[in-house]
Amino acid sequence: MAMALLAGACVGSSDEAAPTPEPTVAIAGAPTATPEPAATATPEPTAAPSPTPEPTEVELSVEEQVIAAWERYLDLSIQARGKEPSREALAIEGYAAEGAQRVLEDLLVQQKAEGRYIGGAVTSLAPTVRVEDGGDAQLDDCIFVDLLTFDDDDRVTLETSDRRTVVARLIPVDRDWRVVALESGDPCGA
């Protein structure tokens with residue numbers, strides 16, 4: 001049997017020495033092994049993607065609706081008293097009714113006559129709701145008042161920062177709630 005020695009040569013200009021490949025020996029007349037092709041996995045059929053569900057409105061409980069209306073009232077009533085109130089904040093009938101609406105409108109007239117406006121926030125901290133038999137709601141809360149009063153020249157004339165208890169009465173109006181009255185009490189925890 002004749003043996004043939006096959007050697008490979010590397011041609012390159014690298015400074016590092018290339019590793020020398022192991023010699024391959026072939027035997028004359030011997031069958032050559034043909035490597036088997038690598039097995040390819042048949043892809044599993046995939047299910048068609050399910051459509052993304054349409055967002056649905058989350059139904060809030062009556063208590064959650066009342067709290068949301070209260071927090072909206074706090075935010076918009078302070079915005080209405082600001083230097084450049086939003087259109088939504090000036091549409092007082094959209095979040096206040098009856099006595100609360102009149103009180104806020106009177107405050108706006110008085111502020112304008114005195115050349116004052118308000119900046120800051122009033123934050124609801126611990127609202128609890130009791131829905132009464134007639135459908136009205138009473139909300140008890142501890143609010144954090146953090147306000148500045150400015151004059152027309154943007155000078156601070158008064159700083160207010162405290163926690164107060166508040167009792168608010170809300171009524172349902174057109175599938176929404178409006179604040180109709182509120183009464184501020186003692187500092188929270190007193």
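Taking a cutoff of 4.0 Å between a charged side-chain nitrogen and a carboxylate oxygen, Arg72 and Glu88 qualify as a salt bridge. Salt bridge annotation for Asp154-Lys83: present, with a cationic side-chain nitrogen under 4.0 angstrom from a carboxylate oxygen. The existence of a salt bridge linking Glu132 and Arg169 is confirmed by a sub-4.0 Å separation between a basic side-chain nitrogen and an acidic carboxylate oxygen.
Under a hydrophobic-cluster definition in which Ile, Leu, Val, Met, Phe, Trp and Tyr are linked whenever side-chain heavy atoms come within less than 4.5 Å, directly or via other members, Leu108 and Tyr73 are assigned to the same cluster. Cluster membership check: Leu182 shares its hydrophobic cluster with Val131, using side-chain heavy-atom separations under 4.5 Å among Ile, Leu, Val, Met, Phe, Trp and Tyr. Under the 4.5 Å side-chain heavy-atom criterion for grouping Ile, Leu, Val, Met, Phe, Trp and Tyr, Trp70 is connected to Val62 within one hydrophobic cluster.
Within the 3.5 Å criterion, the main-chain N or O of Val129 finds no donor-acceptor partner in the side chain of Glu63. Although no hydrogens or angles enter the test, the distance criterion places a donor-acceptor pair under 3.5 Å between the side chain of Glu64 and the main chain of Ser61. A side-chain donor-acceptor contact under 3.5 Å links Thr165 to the backbone of Asp186. The closest donor-acceptor contact from the side chain of Tyr95 to the backbone of Trp177 lies at 3.5 Å or more, if one exists at all. Under the 3.5 Å distance criterion, the side-chain polar atoms of Arg178 are matched with a main-chain donor or acceptor of Glu93. Distance alone, capped at 3.5 Å, is enough to place a donor-acceptor pair between the Asp151 side chain and the Asp153 backbone. Counting only distance, with no hydrogens or angles, the side chain of Ser184 and the backbone of Val166 share no donor-acceptor pair below 3.5 Å.
A donor and an acceptor atom, one from each side chain of Ser124 and Asp141, are located under 3.5 Å apart. The closest side-chain donor-acceptor pair between Gln138 and Arg130 falls under 3.5 angstrom. With 3.5 Å as the limit, one finds no donor-acceptor pair spanning the side chains of Gln110 and Asp106.
When all heavy atoms of Ala181 and Ala100 are compared, the pair lying nearest together is N-CB, 4.0 Å. Across every non-hydrogen atom of Leu139 and Pro127, the tightest pair is CD1-CB, 4.1 Å. Heavy-atom minimum distance, Gln101 versus Ala96: OE1-O, 3.4 Å. The shortest non-hydrogen separation linking Ser77 to Leu74 is OG-O, 3.2 Å.
When side chains are defined from C-beta on, Ile78 counts as touching Leu147, because their heavy atoms get closer than 4.5 Å. Side-chain atoms of Arg163 and Cys142, non-hydrogen and from C-beta on, do get closer than 4.5 Å to each other. Looking at Val145 and Ile143, their side chains come closer than 4.5 Å, going by heavy atoms from C-beta outward. When side chains are defined from C-beta on, Arg116 does not count as touching Leu158, because their heavy atoms never get closer than 4.5 Å. Counting heavy atoms from C-beta outward, Arg81 and Leu104 have side chains that approach closer than 4.5 Å. Under the 4.5 Å side-chain criterion, counting only non-hydrogen atoms from C-beta, Val179 is not in contact with Ile171.
In this structure, NZ in Lys112 is found 15.0 Å from CG in Leu107, a value given to the nearest 0.5 Å. In this structure, the separation between CD on Glu105 and CG on Leu90 is 10.5 Å, given to the nearest 0.5 Å. Going from atom CD1 of Ile67 over to atom CG of Leu60 covers 10.0 Å, rounded to the nearest 0.5 Å.
Residue pairs meeting the ring pair (Phe, Tyr, Trp, His ring centres under 6.0 Å) criterion with at least one member in residues 111-134, sequence neighbours excluded, are Tyr117-Phe150.
As a member of the Ile/Leu/Val/Met/Phe/Trp/Tyr network built from side-chain separations under 4.5 Å, Phe144 groups with Leu125.
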Inset, instruction - Walk me through it: do Glu159 and Thr149 pass the test side chain to side chain contact (heavy atoms under 4.5 Å, CB included)? - result: CA-CA 6 Å; Glu159 292 183 43; Thr149 303; over 6 Å; no
